[in-house]
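Each remark here refers to the structure printed beneath this line.
Protein chains get the first letters and strands the later ones, always in sequence-line order, with residue 1 at the start of each.
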Amino acid sequence: MEQSWRQAKSIFLTMISAPLFWLVFFFFLPLGIVWLYSFGENRGLIDIAFTGTWANYAHALDDPYPGIFWKSAWIAALTTFLCLVVGFPVALAITFAPEKAKSWLLLAVMLPFWTNLLIRTYALIAVLRTEGYVNMTYHWLFDMTNKVLGGSLGDFTPLALLHNNFAVVFGLVFVNLPFMILPLYSTLDRMDRSLLEASLDLGAGHIGTLFNVVVPLAGAGIMSGILITFIPALGSYLTPDLLGGPDSQMIANVIESQFKRANNWPFGAALSFILVYLTFIGIALQGIIERKDKGRAA
Amino acid sequence: MSGNPIISFENITKRFGKTTAVDNVSLTINEGEFFSLLGPSGCGKTTLLRMLAGFEMPTEGRILIDGKDVSTVPPNQRPVNMVFQSYAVFPHMTVLDNVAYGLKMDGVGAAERRERAEEALKLVQLAGYGVRKPDQLSGGQRQRVALARALVKKPRVLLLDEPLSALDAKLRDQMRSELTSLQQKVGITFIMVTHDQDEALAMATRCAVMNRGLLQQVATPSDLYEFPNSRFVADFIGSVNMFEGTLDVDAKDHAIINTQEMGPVYLDHGVTGPEKGTVWAAVRPEKIELHKRTDTPPKVDDAPEGYNVAAGVVKHMVYLGSETNYEIEIAGGRLIKVVRPNLTRWDQEDFELGEQVWISFHACSPAVLLS
């Protein structure tokens, strides 16, 4: 198995041709067409002329688009942060769980993937809506307390949990949490346990060990967790569409409306590619930071 | 040097589920000792060390450090520090930060921390390495960092878990003597876990031999070798020829063990063993002499004629420079290990393969084992 592809070119080419074909014809080619659209102009209802214009990109700088980009980034960042805060203890708990429980816990983390995103999102609506389970529980607790206090709390007003920015962030955390937990877990699980014991042995408590040893050593896992949570969160479409309110539009929703309702494919394509460029910049930044870290270590 | 008791294990038992890792061990270690826990893998020695460090809680029994029960004290509050088998040097910190880590956790100020860490690095001959990262160090240097990191806290006891097992042969020999001299220099009690009997004999002032969770014998290295208390210890420490027999005569000044393979074995001391019971005579290979085959068997000077002698044939020979190892087949087909020092440059040619020989040993040489 130590052969390099150079020694077995024909085998290598046979093996790679099918996936390569798939990648070229169903990914790069359509992507290229959309990229060309972003330099095109609408001519009539369905005709698009490739004029090489930058007008679509210029249009993206007009209000309200920069604001929506900014808001999308902000929501994605908040989602990523919350996923990290919630996911780190979970990953830690799975790492230190007994060997038998581990696979069950990992299964529990991945279980949501077995259900369609749409169904999971509708399930969240059932939980968060005015007559949802959260408000039902709250109503019940409110009535009980009110009875005890002799009605001094006044009338019950349900919590506004759905169709606002809170619901969007909540939904995105719910959807993206496994993407944060899994890379964190794989890094933590590979960590040499004797490093933690050494820290305890040298006089650090559990909290001290966590912040002085575990978190710095989990850096790579945290980085990749952040990246693979942030990128899909940035381009979320379904969650803000179903859970968000009128002011919860994210950039993917705008792109969708450009392709559909507004029938402005060139502009939609330009917005899409701005999102792609931003993602690339993000990945490049992460690469630079990582290389800098390595450079310091060497 | 060895003074007051510093560590006491009192009837320590540790069970993991159904397996008993450590079985009712009681052991006292004194101040200033270089103590070694020795045994085959899975004998419970590492578990015992980890209980002392605080990473495992004993299922039963108490552990005392300086007379205080520490059985339930967490590791970060015990006056012991450990050098891990994998060294466990923090890869994301510089050497100096690694060494200063324990002091930082104890709330020692930055200036003093730095001074003491550099002093500790000097102690392990790593002065000037403070700014490096662990991945720029060799295995031996990483171990020195681990040593400095533990010693800088001036622990009451330093625990070493298989400290030499990850080093290559040459470095191992060097670290052996360095660890011994380091221990004498700092005067801290060292407790070392090892499966390597040579290591334990060479370094420790006292050893505890363990097997299957049980403490077999606690003694100085020479006592372990010359006066083992069981077949396990005799066999585990060094090489040995063991003869099973019945204790036929057990007088005040001599005893005779009737063995099937070696005939009657004469001892120049009483045994106070089970009369007519089964015992074992264990003779080390270097305590057996080879003689040219003559018509009359050689007489051993401290035993009556005909005892502790057997006729045999040289079956294997391995020349090792300073000595030659022989295997002599005696009547019944039993192979007897004999080690013969090459006292002159011609000694190795004294015997040849297939030669008929006599073997003999002194009445004071066999160790009598009751179990």
Task: For the student: nearest non-hydrogen atoms of B:Met105 and A:Leu202, plus distance - done: CB-O, 4.1 Å

- [ ] Count the heavy-atom pairs under 4.5 Å between each of A:Gly219, A:Ser194, A:Gly205 and chain B, then report the option with the highest count.
- [x] A:Ser194

- [ ] Count the heavy atoms of every other residue, nucleotide or ligand shown that sit under 6.0 Å from CZ of B:Arg206, and state whether that count exceeds 12.
- [x] yes

Task: From CG (B:Asn76) to CD (A:Glu197), nearest 0.5 Å - done: 12.5 Å

Task: Over 12 foreign heavy atoms within 6.0 Å of CZ, A:Phe96 - done: yes

Open item on the list: Could you check whether atom CZ of B:Arg172 has more than 12 heavy atoms from other residues, nucleotides or ligands sitting under 6.0 Å from it?
Closed with: yes

TODO: Check A:Ala204 against B:Tyr101 and note the closest heavy-atom contact, atom names and distance.
DONE: CB-OH, 3.6 Å

- [ ] Look at atom CZ of A:Phe170 and say whether more than 12 heavy atoms of other residues, nucleotides or ligands are closer to it than 6.0 Å.
- [x] no

TODO: Give the minimum heavy-atom separation between A:Leu195 and B:Val89, together with the two atoms involved.
DONE: CD2-O, 3.5 Å

Task: B:Lys104 side, atom NZ; A:Asn212 side, atom CG - distance, nearest 0.5 Å - done: 5.5 Å

- [ ] Can you see which heavy atom on A:Gly203 is nearest to which on B:Asp106, and at what distance?
- [x] CA-OD1, 4.5 Å

Open item on the list: Would you say that more than 12 heavy atoms from the other residues, nucleotides or ligands in this model lie under 6.0 Å from the CE of A:Met15, or not?
Closed with: no

Open item on the list: Heavy-atom cut-off 4.5 Å, strictly under: side chain, backbone, both or neither for B:Arg132 against chain A?
Closed with: neither

TODO: Let me know if B:Phe84 has heavy atoms under 4.5 Å from chain A in its side chain, its backbone, both or neither.
DONE: side chain

Task: Test item: B:Pro74 and A:Leu200 side chains (from C-beta on) under 4.5 Å apart, heavy atoms - done: no

Open item on the list: I need the minimum non-hydrogen distance between A:Asp201 and B:Phe55, along with the two atoms involved.
Closed with: CB-CZ, 3.8 Å

